[in-house]
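Structure first, commentary second.
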Amino acid sequence: MGARASGVPMNEGARPACRPGRPGRCWPLSQALRAGEGVDGRAGAWDPCRLQEVTGHKARMDHRAPGRPAGDFVQLPVPIIQQLYHWDCGLACSRMVLRYLGQLDDAEFEQALQELRLTRSIWTIDLAYLMRRFGVRHRFCTQTLGVDKGYRSQSFYRKHFDTEETRVNQLFAQAKTCKVLVEKCRVSVQDIQAHLAQGHVAIVLVNSGVLRCDLCSSPPKYCCFTPSGPRCFCRSPDYQGHFIVLRGYSRAAGCVFYNNPAYADRMCSASISNFEEARTSYGTDEDILFVYADS
């Protein structure tokens with residue numbers, strides 16, 4: 001796949017949307033739909049300028065829950081769109097973001113994928129170019145401006161490394177000319193929270209073998225899709241790159257809210273410490289694509 005690629009398969013089976021603050025209990029999907037929670041990108045009416053009551057929490061225009069100080073609690077109405085294959089989580093995340101911004105047109109999206117030649121190996125730099133293609137203001141922060149040759153020996157990258165190294169390095173080299181904003185920098189949790197508090201969202205590369213949702217009853221399975229169908233293994237690899245969409249946080253609970261494209265029916269939540277471990281794991285380059293709602 002590549003140093004910024006992802007490859008976690010969609011989860012089999014549907015479950016109710018989980019309710020924050022009540023581990024082990026779930027909010028019926030029908031209630032989520034009535035609240036305007038778009039499921040699988042089709043249901044619900046989404047308004048990026050207005051926060052809605054979703055998953056049991058009521059948020060106001062200034063992103064505050066009742067009785068909470070500004071910036072203490074944020075939960076943005078980012079629609080959930082499930083990935084279709086084991087390799088397209090980054091594209092599913094891009095669709096969520098574009099729909100949140102009110103800029104998603106399916107035909108134009110498919111045309112953009114063809115123009116950018118985005119197929120089975122998706123890197124964070126690819127997603128930055130995709131945002132630029134739609135005129136979306138963005139900022140791609142990473143620890144490595146190009147391909148880290150140290151990843152060549154890792155099982156997750158080995159298959160596509162040689163064929164992708166030149167292509168990805170060229171994208172980095174041409175980024176400034178193409179008006180794709182890329183910076184080599186380290187991002188803190190406080191930086192991320194400040195971004196979300198303004199109604200913006202972010203696509204983050206994580207090690208899904210580390211990331212744990214506190215609301216889901218069991219972690220997703222790691223599958224290798226073969227021509228004859230999915231083949232599941234009992235042991236997860238050391239590193240499994242996966243893209244998620246950050247949509248909020250709770251300072252009081254010490255957690256972040258995110259959409260995992262492996263699922264079609266829920267918002268997920270992870271502790272800040274677990275999220276930090278997952279996004280800074282070796283293999284991620286600490287990639288984060290900040291996207292701005294005022295695009």
Side-chain angles (χ1 to χ4, degrees), residues 14-22 26-68 70-83 89 91-106 109 131 134 136-138 192-204 213 215-216 243-253 255-270 275 289-295:
R15 299 178 185 174
C18 294
R19 184 173 183 176
R22 297 190 180 184
C26 289
W27 198 33
L29 188 58
S30 59
Q31 292 183 27
L33 290 172
R34 286 197 295 272
E37 177 79 32
V39 176
D40 200 22
R42 291 190 294 268
W46 288 92
D47 181 355
C49 298
R50 180 176 62 87
L51 291 178
Q52 303 170 357
E53 183 179 358
V54 291
T55 56
H57 288 283
K58 185 177 294 182
R60 295 176 178 173
M61 286 284 289
D62 58 1
H63 311 299
R64 284 181 292 177
R68 296 178 185 269
D72 193 44
F73 180 90
V74 174
Q75 193 176 100
L76 303 172
V78 181
I80 302 169
I81 298 178
Q82 188 177 28
Q83 63 192 91
C89 56
L91 300 184
C93 288
S94 297
R95 290 173 65 91
M96 294 185 214
V97 168
L98 290 172
R99 181 154 292 173
Y100 171 69
L101 299 178
Q103 298 191 33
L104 179 62
D105 177 273
D106 290 333
F109 189 82
M131 291 299 112
F134 281 89
V136 172
R137 190 160 70 93
H138 63 279
I192 294 173
Q193 290 174 333
H195 180 78
L196 295 169
Q198 297 301 313
H200 310 312
V201 293
I203 298 176
V204 185
C213 176
L215 306 178
C216 297
F243 288 110
I244 61 173
V245 178
L246 285 186
R247 59 183 290 180
Y249 62 87
S250 170
R251 293 188 192 276
C255 68
V256 295
F257 303 124
Y258 63 95
N259 287 356
N260 184 344
Y263 301 113
D265 59 357
R266 73 193 70 183
M267 180 192 73
C268 290
S269 173
F275 169 68
L289 179 59
F290 291 108
V291 179
Y292 297 85
D294 55 358
S295 300

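These figures come from a predicted structure and were not determined experimentally. Any value given below was found using the heavy atoms of this structure, including those in side chains, with hydrogens, waters and symmetry copies removed.
Considering every non-hydrogen atom in both Met131 and Val97, the closest pair reads SD-CG1, 4.3 Å.
Relative to the ring axis of Tyr292, Arg137 places its NZ or CZ within 45° and under 6.0 Å from the centre.
Counting heavy atoms from C-beta outward, Pro261 and Gln82 have side chains that stay 4.5 Å or more apart. With contacts defined as side-chain heavy-atom distances shorter than 4.5 Å, the pair Phe109/Ser94 qualifies. Side-chain contact between Leu104 and Phe134 is absent, with no heavy atoms from C-beta onward closer than 4.5 Å. Leu101 places a side-chain heavy atom less than 4.5 Å from the side chain of Val291.
Aromatic pair Tyr258/Phe243: ring centres not closer than 6.0 Å.
Looking only at distances, no side-chain donor or acceptor of Asn259 sits under 3.5 Å from a matching main-chain atom of Cys268.
Phe290 is linked by a ring pair (Phe, Tyr, Trp, His ring centres under 6.0 Å) to His195, counting only residues two or more places apart in sequence or in another chain.
The structure places OH of Tyr249 at 7.0 Å from CG of Leu196, a figure rounded to the nearest 0.5 Å.
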*Assess whether side-chain contact (heavy atoms from CB on, under 4.5 Å) is satisfied between Tyr263 and Cys216, documenting all intermediate values.*
CA-CA 10 Å; Tyr263 301 113; Cys216 297; 4.3 Å; yes
_I'd like to know whether Arg247 forms a side-chain contact (heavy atoms from CB on, under 4.5 Å) with Met96, so could you lay out the CA-CA distance, the side-chain angles of the two residues, the decisive distance to 0.1 Å, and finally the verdict._
CA-CA 11 Å; Arg247 59 183 290 180; Met96 294 185 214; over 6 Å; no
*Go through the steps to decide whether Leu246 and Phe275 satisfy the test side-chain contact (heavy atoms from CB on, under 4.5 Å), and finish with yes or no.*
CA-CA 11 Å; Leu246 285 186; Phe275 169 68; 3.6 Å; yes
